[in-house]
There are 2 protein chains.
Amino acid sequence: MVRAVPDTHGEILAAAARQFTVTGYRGTSLQDIAREVGCSKATVLYHFANKEALLAELMAPAIEVLRSLDEQLTGLTGAAAQEVAAQGFVDLAVRFRQEIAVLRGEFPELLCQPAFAHIQEISDRLRDALAGHSDRPGARIAALVLLAGISEACGEFADITDDELRLALLTLVRRAVEPVDALPPQQPTTEDKDS
Amino acid sequence: MVRAVPDTHGEILAAAARQFTVTGYRGTSLQDIAREVGCSKATVLYHFANKEALLAELMAPAIEVLRSLDEQLTGLTGAAAQEVAAQGFVDLAVRFRQEIAVLRGEFPELLCQPAFAHIQEISDRLRDALAGHSDRPGARIAALVLLAGISEACGEFADITDDELRLALLTLVRRAVEPVDALPPQQPTTEDKDS
DNA sequence: CTTCCATCTGACCGATCGGTCAGGGTCTGA
DNA sequence: TCAGACCCTGACCGATCGGTCAGATGGAAG
């Protein structure tokens, strides 16, 4: 085995990702991670300041993509925002299946941690965009169900390729979301209503 | 305060439900529940054999409804099964918003407990029915996303009435699910393919 | 050879967890 | 009056958690 550079740091990260998705963040102890890597718990804490820092580094790439999607969304409204949100989120969910699976269960508690600040607001904006910025219950519900469902479900389809999954999810979203054009003309929509 | 019957048992149950939905099952200690009720931790364990039994009693009604839905589904196929599954699950999710929110994050771990045996199989059958018993990825993905999304999202809409939520979810499901009739006629479907 | 630094470890810490237990009230019915 | 069922509690238990720390190891630089 040619293994000049052991890269313990990366191994710990990978093992943590695997364990977190199965047992959850709370349900996985540093001991568990160390056991899978084949090192001591102290070694895990040598490479990472604490358990929270381990999670933060694990989620950093996914969060970065989410942030950039949020930026793309600023200023967009209506059908354009809807489409960008749909494509962006589906792509994000597919690419970071594992990372999202980690966050899945612990969402409400983990959002308090500084590493995940503003995530709630960002996903709120994402949901609004997907709902066509409508406040009708039907649109709001559909958007939230889709976001939550995709987050939940993505981790389950390990047997499906990224492209296939992306396509299926995108067609599902387009079929399920309330189209912003189909709004009953109770409001003229001459300009974007803001605030 | 006319309080002839303190009903500590019920108060503990209600407090546990509230805490579990916020902090999760793992994240809520018996001490937390006792504190909210205003009794000692020992009292909680006097009324319930252990933490697991508390959760089991909390979820029992929802699980009973899920089981009966599963029974209704036996024998049904195609569009009929699809419709029963959609109506049944939407109704269940709306009625037991809080209970499902409890189970949400801890699903994979809690399924090991004897109180939740067969739940995985039941929800698998439910998903199959919603997918029109098709094995096409699109149908499977849509069904799972809808089930997961509804479970996740139901707890969030405290401001929406049951009837309103039920209607919105049902229309969403009907719009989003791949209709069993729209199957490409690559298979004659003369009779239900089984096994 | 010595020094230095990165890596890693076993032993240990305080806190908290779920759960046990002996016993103290309080009410009821004989 | 007294026995017993019911409800509740403080004190305590072993286990496990995240995290600390002094020191062992080993390779590179001087």
Side-chain angles (χ1 to χ4, degrees), chain A residues 1-59 102-103 105-106 109-110 112-116, chain B residues 1-59 102-103 105-106 109-110 112-116:
Chain A
M1 199 184 286
V2 192
R3 199 175 167 189
V5 181
D7 188 27
T8 313
H9 191 92
E11 285 181 26
I12 292 171
L13 218 48
R18 259 172 275 134
Q19 298 255 14
F20 284 163
T21 56
V22 177
T23 339
Y25 176 71
R26 283 198 116 98
T28 302
S29 69
L30 297 176
Q31 196 69 258
D32 293 333
I33 298 169
R35 196 180 301 119
E36 182 169 329
V37 174
C39 68
S40 71
K41 189 181 69 171
T43 299
V44 174
L45 287 163
Y46 167 76
H47 285 278
F48 299 90
N50 46 39
K51 197 183 179 186
E52 184 181 329
L54 212 178
L55 177 69
E57 188 166 326
L58 201 61
M59 304 300 301
V102 170
L103 223 52
E106 262 87 12
E109 321 162 50
L110 293 183
C112 307
Q113 295 187 193
F116 302 114
Chain B
M1 200 185 284
V2 193
R3 199 174 167 191
V5 181
D7 188 28
T8 313
H9 191 92
E11 284 182 26
I12 292 172
L13 218 49
R18 257 172 277 134
Q19 298 255 13
F20 285 163
T21 57
V22 176
T23 340
Y25 177 73
R26 283 198 117 98
T28 303
S29 69
L30 296 177
Q31 196 71 256
D32 294 332
I33 299 170
R35 195 180 303 118
E36 182 169 330
V37 174
C39 67
S40 72
K41 190 181 69 170
T43 300
V44 174
L45 287 162
Y46 167 77
H47 285 278
F48 299 90
N50 47 40
K51 197 182 178 185
E52 183 183 329
L54 212 178
L55 178 69
E57 188 167 324
L58 203 60
M59 305 299 302
V102 170
L103 223 52
E106 261 86 14
E109 322 162 49
L110 292 183
C112 306
Q113 295 188 194
F116 303 113

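Chain letters run A, B, ... following the sequence lines, proteins first, then strands; residues in each count from 1. These values consider heavy atoms only, across backbone and side chains, with no hydrogens, waters or symmetry-generated copies.
The OG1 atom of B:T43 sits 12.5 Å away from the CD1 atom of B:I33 when rounded to the nearest 0.5 Å. The distance from atom CG of A:D7 to atom CD of A:E11, rounded to the nearest 0.5 Å, is 6.5 Å.
Residue B:K51 comes nearest to B:T28 through the heavy atom pair NZ-O, 2.8 Å, listed as atom of the first residue, atom of the second, then distance.
Partners of B:F116 by ring pair (Phe, Tyr, Trp, His ring centres under 6.0 Å), not counting sequence neighbours: none found.
Nearest-nucleotide positions on DNA chain C place A:H9 closer to the 5' end than the other of B:E52 and A:H9. Mapped onto DNA chain D by nearest heavy atom, A:L30 and A:A42 fall at different nucleotides, with A:L30 at the one closer to the 5' end.
In the model, A:H47 has no side-chain atom that pairs as donor or acceptor with a side-chain atom of A:E57 under 3.5 Å.
For DNA chain C, the span of nucleotides reached by chain A at under 4.0 Å from its heavy atoms goes, 5' to 3', from C:dA6 to C:dG10.
Contact annotation for A:S29: backbone-only contact, meaning every heavy-atom pair under 4.0 Å involves sugar-phosphate atoms and none involves a base.
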